[in-house]
Number of protein chains: 2
Amino acid sequence: MVAGPTSTGPGKERLRLWIRLLRASRTIEAELRERLKKEFDTTLPRFDVMAALYRVPEGMLMSDLSRFLLVSNGNVTGIVDRLVSEGLVTRARRNGDRRTSMVRLTEEGSKAFAKIAAVHEGWVGELLGGVSEEEAKRLTGMLKSFRSNWEGRE
Amino acid sequence: MVAGPTSTGPGKERLRLWIRLLRASRTIEAELRERLKKEFDTTLPRFDVMAALYRVPEGMLMSDLSRFLLVSNGNVTGIVDRLVSEGLVTRARRNGDRRTSMVRLTEEGSKAFAKIAAVHEGWVGELLGGVSEEEAKRLTGMLKSFRSNWEGRE
DNA sequence: GTCAATTATTTCAAGCTTGAAGTTTTATAA
DNA sequence: TTATAAAACTTCAAGCTTGAAATAATTGAC
């Protein structure tokens, strides 16, 4: 998937684009993963979950988390398990519906995330430094549009 | 990493861009992964390795593969192991340097890949259907440029 | 009210991924 | 030569990931 097109013809440009897109995000992701590990002894998936929770002090359900993060239910279970054992989030059984549990950042988790997020934003600024803010806006717009066609078609 | 910016200010647009980029590639990747599994009973990493080898009939070294695919050495070992056991690639010990082994697609592997790649290209065309060929070219150019700044700095 | 379907979540096996440590082979320097 | 370092690869533990199967609780149809 990271290799070039094996043929020519229509659709070739889109395939090229896809390969670029994938290489770019993999490269950046790898760099961010490494820095998160080295500087904060954490991982990208944990950072993702904390970022999602940080926006919603009242917490999120497991299924909300997995929908939002585009990963499977079982996946979230494991990541949250680890965050709980680190004291960064809590799972609170609700009175209303006993199947669900509300996941929230702890005080400690919230503080830890704020610290990491600030540095993280700087890293992204650095790694995407070749794109001007103006270009970034345009690119963002393009990326926004091309998903709507097929995504969530059923 | 898939959540929105937690602050405002400079660099915010780049962070937005990064989040879009990541969400886009994850969504497309998930869809392709699912289709590869359902239609061809294979995985993305295997497809990647085969795509890399397809371009070079004389074969690649393990370390070339890992460099090209942007993944670790140990990772490639496992994937190639599985492809070998499926009869799709071979590992040939070389006479010159007995540390290395040349990895090649088998006849069967080559045929299998060609079949999958054709369908795969169609999928990408479909999933990126919202982008015109012209737009795709421009986006590709932008993505090409923004990596050069920091990538491979040592 | 009862039972079937649905929903929320967890568990599990298989595979992917990294980074560190280990093995074998080759290259280099004295 | 003969250490010593470097290179190519494999192995391993820990964690991420999915999809399928299992559990438990709720909802809906009757």
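Residue numbers start from 1 in every chain, and the chains themselves are labelled A, B, ... in the order their sequence lines are given, proteins ahead of strands.
In this structure, A/T100 reaches the sugar-phosphate backbone alone: every heavy-atom distance under 4.0 Å involves primed, P, OP1 or OP2 atoms, never a base. Among the heavy atoms of the strands lying under 4.0 Å from A/R46 are primed sugar atoms or P, OP1, OP2 only; no base atom is included. Residue B/S63 is classed as a sugar-phosphate contact, given heavy-atom separations below 4.0 Å to backbone atoms only. Backbone-only contact: B/D97 has heavy atoms under 4.0 Å from sugar-phosphate atoms and none from a base. No engagement by A/R67 is indicated, since no non-hydrogen atom pair under 4.0 Å with the nucleic acid exists. A/N75 comes within 4.0 angstrom of a base, heavy atoms only. Among the protein residues, B/R94 comes within range of no part of the nucleic acid, since none of its heavy atoms lies under 4.0 Å from any strand.
For a distance-only test at 3.5 Å, the side chain of B/R98 fails to qualify as a donor-acceptor partner of the base of C/dT25.
Between the side chains of B/R94 and B/T100, at least one donor-acceptor pair of N or O atoms lies under 3.5 Å.
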**Study point:** Derivation of the salt bridge (Lys or Arg N to Asp or Glu O under 4.0 Å) call for A/E133 and B/K12
**Key:** CA-CA 8 Å; A/E133 290 274 307; B/K12 202 190 58 171; over 6 Å; no

**Study point:** Derivation of the ring-ring contact (aromatic ring centres under 6.0 Å, His included) call for B/F47 and B/F40
**Key:** CA-CA 10 Å; B/F47 179 81; B/F40 298 105; 8.8 Å; no

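Checking A/G96 against A/V76, the closest nucleotide of DNA chain D that is more toward the 5' end is the one next to A/V76.
As rounded to whole Å, 13 Å separates atom P of D/dG19 from atom CG of A/L70.
Hydrophobic clustering of Ile, Leu, Val, Met, Phe, Trp and Tyr side chains at less than 4.5 Å, counting indirect connections, unites B/L53 with B/L44.
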